[in-house]
Amino acid sequence: MTGVSKKERIAQRLAKELQDGYYVNLGIGIPTLVANYIPDGMDIVLQSENGLLGIGPYPLEKDMDPDLINAGKETISTLPGSVFFNSAESFAMIRGGHVDASFLGAMEVSENGDIANYMIPGKMVKGMGGAMDLVAGSENVIVAMMHTSRDGKSKVLKECSLPLTGLKCVKKIVSDMGVMEVTPNGLVLLETAEGFTIDDVVNATEAKITVSENCLVGTY
Amino acid sequence: MTGVSKKERIAQRLAKELQDGYYVNLGIGIPTLVANYIPDGMDIVLQSENGLLGIGPYPLEKDMDPDLINAGKETISTLPGSVFFNSAESFAMIRGGHVDASFLGAMEVSENGDIANYMIPGKMVKGMGGAMDLVAGSENVIVAMMHTSRDGKSKVLKECSLPLTGLKCVKKIVSDMGVMEVTPNGLVLLETAEGFTIDDVVNATEAKITVSENCLVGTY
Amino acid sequence: MAKILASSKDAMAHVKSGMTLMVGGFGVCGLPENLVHALAETNVKDITLISNNGSVDNWGNGKLIANKQIVKLFASYIGENSELAEQFISGQIDVELVPQGTLAERIRAGGAGIPAFFTPTGFGTKVAEGKEARNINGKDCILEEALLADVSFVKAHKADKLGNLVFNKTAQNFNPLMATAGKITIVEVEEIVENGELDPDEIHLPSIYVNYIVKGEQYDRRIEKRTYSSATS
Amino acid sequence: MAKILASSKDAMAHVKSGMTLMVGGFGVCGLPENLVHALAETNVKDITLISNNGSVDNWGNGKLIANKQIVKLFASYIGENSELAEQFISGQIDVELVPQGTLAERIRAGGAGIPAFFTPTGFGTKVAEGKEARNINGKDCILEEALLADVSFVKAHKADKLGNLVFNKTAQNFNPLMATAGKITIVEVEEIVENGELDPDEIHLPSIYVNYIVKGEQYDRRIEKRTYSSATS
């Protein structure tokens, strides 16, 4: 953990979910950091839902182009083989299941894979952007999140309390405490992060959680 | 009529339905001939449903390109400002009502504007191609046809006997005998072709037909 | 065929109070800024605006919102605009949040003559409220209707004189879709070229959808988030 | 990312009897002839073919039909092929005639994750038989379902090594749509170029849809109707 923030550790662990040749959509926040941890020699193409396949690194200051941004509205660059397209084409790709994996943040996830990440009624209403399409379209939705709220309440729940972004769509959760898979029998704990025992994760989780026979401790 | 075939006369009369700035789809057969009669100084863009806006004339023999054809599968050319696109885009244009007029042939038309032009059960089954989309999508469907069959039977009917291409979609009929408008009160005869009296047309028509007060005789 | 207008101001003759207006762009990127800012100078009001974002405070759509010219907004994301948030919370503006892909597809459907379609996006969420739900070949879906506009404002990179358009990079986004769904489509461009100068295989939007073109008077080249790396890294 | 195959014959490992196959092209124009002719050399049968045309006698799809490899055909037009007409009339092949625009849209819908859509095309005709009809905002429509394929054969002009495609003129037609709707999409091209050689604003189909690329062994440059004008006219 020395010198690496919780968010970066989550991003490093998320990167292990990548497979060579994947087309991936990285959501705003922690998932965006995954781009820094793509294993050497692995070919990954990043999709940006505002109309780009093949996101490159941030440009040099002198090369910033207002017409070249990612879905987080940051200036970016292209790579050899990048492609631009309109928003209908972009979501045809997403909704049609062509994006191999979608990593996104969440406020809450339930034990059956429901996700809430776009509004807190009466408090925060920013809109779902492309999140509802991403969770409905991808076979491989992986959530990056903090396991508990600032006041220690579990964000991995029996049922989400916030308005849903999607139903039964999350396949895996990578939190600052552990990695959980969503199975037909509920959540299964696969790994814990450094500094957390299996009991730590189970006790911090409101949802029913089963511990895998092969559960690893302190893997990231 | 000297030296001009019936088909060419129909095409010449059809050309009078064009307005400056129109985007038009010309069906196979008589409508294709309309391209030869576009009035000088009138800007018309021809749409080809296989994926081209801006059909040019037939190319020189040495310039024939197997990758450049019209919907009738004839080699053609482009013009400055021509555009290529895929079949979904092409029919988005057609179905979305963006093509100002669609001229097509017919085997039968009924007095309420139904059209049949794609099959004769047990005899001829070639398929509808793009015809069903063209008649459903265009606000301005104009039919070019021979008024009667070879054995003298009316092809302008109370009800079509052949499988329909579209319901209540024809706006105007230009036949070798006359020009008829489809109105909420049935067919109205607007003009007759050279050599035909009003009675000739009425008698050759099975459908109920009203003669316009301003019906012109022998206009084309 | 498109008509070329002398100024963005001239284009405003086509926009009337009470109309539905589509405005292209993703945040400030590819937003038809000259047209939107010209509209902000008019007395046109009671506009229903369809645009992916509320845009930023007092620029782009944000100007129209600050002027209270907008009564209803369809958008997928309304962050980054405090004035909009305030009007929304106080009930001065009606906002329908539409998932971004559904928004894009509803606009495409409008232009393509598809009155409605089933989509899995939003099934079981607030977005599904009041909509028909159906399981089709194992997928839970909801029925979404096409969107059309009285007028669409579009930003393209170049147009030829017929009105064929090419877009630049991610400034394309919703622009070509909205061009197809406007009864009247007005396009602002950085450059107008002769017919034939654009390669027919490389045109993004055919002229058939374009009614008016205007060369944009001024481009801010605005960036929402300036992210860059140092030359040495 | 796409894999580059050594030959059209190698691509046939992915096609099995009983599969649904999409084949791009409009008549012979833009038809993936090397792939189709390689399939005609195999024992694969009981194929459901989705292609705009039956193609001509004994060339392209016509070869597959002559070989009796096709049990069912979805097409908008089946003229120009006497063998097909014969098999159709004698009941040896099942043909579903689909309006050309509905065919294109059903294939696009398949690729885009839209399970079904309403369209006015075909309302009140034989095409509407057995389908839900509904009036939506004043338009009589029918419900059409998406089409998908186990394998799509596509012809493009050029591919880069990732599998991004550009098409040439009207040889584009159904090809990019079918590329999106194949579980496995195999593309034959005239030329394979390095990544970065295609302008990112001018690519017609992104590599995300492409599984395999092969450089076509031989192109007939066949024309169905040779129409031309004389130099002096």
Side-chain angles (χ1 to χ4, degrees), chain A residues 18-25 38 41-56 65 67-70 76-102 130 132-141 166 169, chain D residues 1-4 22 104-117 145-149 152 154 156 158-167 172 176-185 192-213:
Chain A
L18 297 171
Q19 292 182 27
D20 194 34
Y22 261 20
Y23 290 81
V24 183
N25 184 290
I38 296 170
M42 190 179 275
D43 285 324
I44 298 292
V45 179
L46 301 177
Q47 204 257 12
S48 194
E49 66 260 33
N50 57 317
L52 169 61
L53 201 60
I55 308 178
D65 182 344
D67 285 351
L68 181 46
I69 63 169
N70 64 17
I76 46 157
S77 68
T78 56
L79 297 167
S82 291
V83 196
F84 298 110
F85 34 81
N86 70 45
S87 301
E89 289 305 314
S90 181
F91 283 93
M93 220 173 259
I94 289 168
R95 200 191 307 102
H98 305 282
V99 174
D100 298 298
S102 186
M132 282 194 183
D133 307 279
L134 283 159
V135 301
S138 178
E139 288 297 305
N140 204 3
V141 172
C169 52
Chain D
M1 269 145 260
K3 275 200 185 121
I4 297 173
M22 287 186 186
E105 191 68 13
R106 289 177 70 183
I107 296 166
R108 179 196 176 270
I114 300 291
F117 58 89
E145 290 200 357
L147 288 171
L148 286 160
S152 285
V154 165
K158 291 185 193 177
D160 68 18
K161 290 184 169 173
L162 274 174
N164 292 306
L165 306 182
V166 293
F167 300 91
Q172 183 173 169
L177 309 173
M178 290 179 169
T180 71
K183 277 174 219 143
I184 298 172
T185 290
I192 299 173
V193 302
E194 292 300 321
N195 297 333
E197 280 190 44
L198 304 176
D199 182 328
D201 265 324
E202 295 170 1
I203 289 167
H204 295 118
L205 187 92
S207 64
I208 196 167
Y209 299 108
V210 178
N211 300 98
Y212 300 101
I213 311 170

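All chains are named by letter (A, B, ...) in the order of the sequence lines, taking the proteins before the strands, and each is independently numbered beginning at 1. Atom set for the values below is all heavy atoms of this structure, side chains included, hydrogens, waters and symmetry mates excluded.
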Next on the checklist: Among D:P206, D:P200, D:G113, which residue has the highest count of heavy-atom pairs closer than 4.5 Å to chain A?
Outcome noted: D:P200

Next on the checklist: How close do D:I203 and A:S82 get, counting heavy atoms only, and between which atoms?
Outcome noted: CD1-O, 3.8 Å

Checklist entry - About how many Å separate CD of A:E89 and CD1 of D:I208, when rounded to the nearest 0.5 Å? => result 11.5 Å

Next on the checklist: Going by ring pair (Phe, Tyr, Trp, His ring centres under 6.0 Å), name the residues that satisfy it together with A:Y22, two or more places apart in sequence or in a different chain.
Outcome noted: none

Next on the checklist: Give me the atom names and distance for the closest heavy-atom approach of D:T180 to A:H98.
Outcome noted: O-CE1, 3.1 Å

Checklist entry - Once you round to the nearest 0.5 Å, how far does CG of A:D43 lie from CG of D:L162? => result 8.0 Å

Checklist entry - What pair of heavy atoms forms the shortest contact from A:A92 to D:Y209, and how long is it? => result C-OH, 4.1 Å

Next on the checklist: Nearest 0.5 angstrom please: D:D199 CG to A:F84 CZ, how far?
Outcome noted: 8.5 Å

Next on the checklist: Looking at chain A, which one of D:A112, D:G110, D:G196 has the largest number of heavy-atom pairs inside 4.5 Å, strictly under?
Outcome noted: D:A112

Item to check | Per-residue contact mode, D:D160 against chain A (heavy atom under 4.5 angstrom) | outcome: side chain

Checklist entry - Quick check: does any side chain N or O of D:N164 sit under 3.5 Å from a backbone N or O of A:G81, one acting as donor and the other as acceptor? => result yes

Checklist outcome for this item: Taken in chain and number order and not counting sequence neighbours, the residues that satisfy salt bridge (charged side-chain N to carboxylate O under 4.0 Å, His left out) with D:K183 are D:D150

